[in-house]
Amino acid sequence: MHEYTSTARVWGLSCPGFPEEVSRARRWTRDVLRGSPFAEDVELIVSELSANAILHTASGLESGSFHLAVAVSAQVVAVSVTDDGGRGTAPKAEHQDQDAEHGRGLGMVSAIAHRVVIHDSDGGHTVTAELFTDVRRGVHPC
């Protein structure tokens, strides 16, 4: 294989920052990952990250948007959600009480994914969740 060739497949979707777009992002993810053993987990992750973008960043303001990318290779299924930033704080996993109504989403994503990376830039935040295909379910890599 040539050094610049990849066997990864990548899909992208941009959505206006309306609450109903979260369900659209879920459906799109389900369609992209149809037949994958990771489809349900990634769909849940997309739902949480998209909702967080709309609720906690400028993505949920008038003319805001969020962007979704799904990459699939033989080794990993990765999903990234990029928001419009603008609310002063970066996403972070918080350990909340089980009865808390808010603040548990990114912690849940971290529990499902094998790795979560948060990247901040002047234009917003990107949260990427990776699920490794060669790791048994429920066992996180070292």
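Below, each value reflects all heavy atoms present in this structure, side chains not excepted, and no hydrogens, waters or symmetry copies. On a predicted model such as this, the values are computed, not experimentally measured, just so you know.
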Gap separating the OG atom of Ser50 from the CH2 atom of Trp28, nearest 0.5 angstrom: 10.0 Å
Qualifying residues under side-chain hydrogen bond (donor to acceptor under 3.5 Å, both in side chains), relative to Asp122, sequence neighbours excluded: none
Non-hydrogen side-chain atoms of Arg24 and Pro16 separated by less than 4.5 Å: yes
CD1 on Ile118 to CG on Leu106, rounded to 0.5 Å: 5.0 Å
Close side-chain approach of Thr57 to His125, heavy-atom, < 4.5 Å: yes
Between CD on residue Glu40 and OG1 on residue Thr29, distance to nearest 0.5 Å: 13.0 Å
Any residue meeting side-chain hydrogen bond (donor to acceptor under 3.5 Å, both in side chains) with Arg34, in chain and number order, not counting sequence neighbours: Asp31
Sequence neighbours left out, cut at 3.5 Å: what donor-acceptor pairs do the side chains of residues 66-74 make with other protein atoms?
unit_1: His67; atom_1: ND1; unit_2: Ser14; atom_2: OG; d: 2.7
unit_1: His67; atom_1: NE2; unit_2: Ser65; atom_2: OG; d: 3.3
unit_1: Ser73; atom_1: OG; unit_2: Gln75; atom_2: N; d: 3.2
unit_1: Ser73; atom_1: OG; unit_2: Gln75; atom_2: OE1; d: 3.3
unit_1: Ser73; atom_1: OG; unit_2: Val76; atom_2: N; d: 3.2

Sub-4.5 Å side-chain heavy-atom contact between Leu131 and Val42: yes
Minimum-distance pair of heavy atoms, taken over all atoms of Asp84 and Ser59: N-OG, 2.8 Å
Value rounded to 0.5 Å, distance of CG in Leu49 from CD1 in Ile54: 11.5 Å
Side chains of Thr126 and Thr128 in contact at under 4.5 Å (non-hydrogen atoms): yes
For the student: nearest non-hydrogen atoms of Ala113 and Ile45, plus distance: CB-CD1, 4.3 Å
Evaluation steps, side chain to side chain contact (heavy atoms under 4.5 Å, CB included), between Arg30 and Glu43: CA-CA 6 Å; Arg30 187 173 41 243; Glu43 185 180 345; 2.5 Å; yes
Over 12 non-hydrogen atoms of neighbours within 6.0 angstrom of CD in Glu62: no
Side chain to side chain contact (heavy atoms under 4.5 Å, CB included) between Glu48 and Met108, intermediate numbers included: CA-CA 9 Å; Glu48 287 298 325; Met108 183 174 56; 3.2 Å; yes
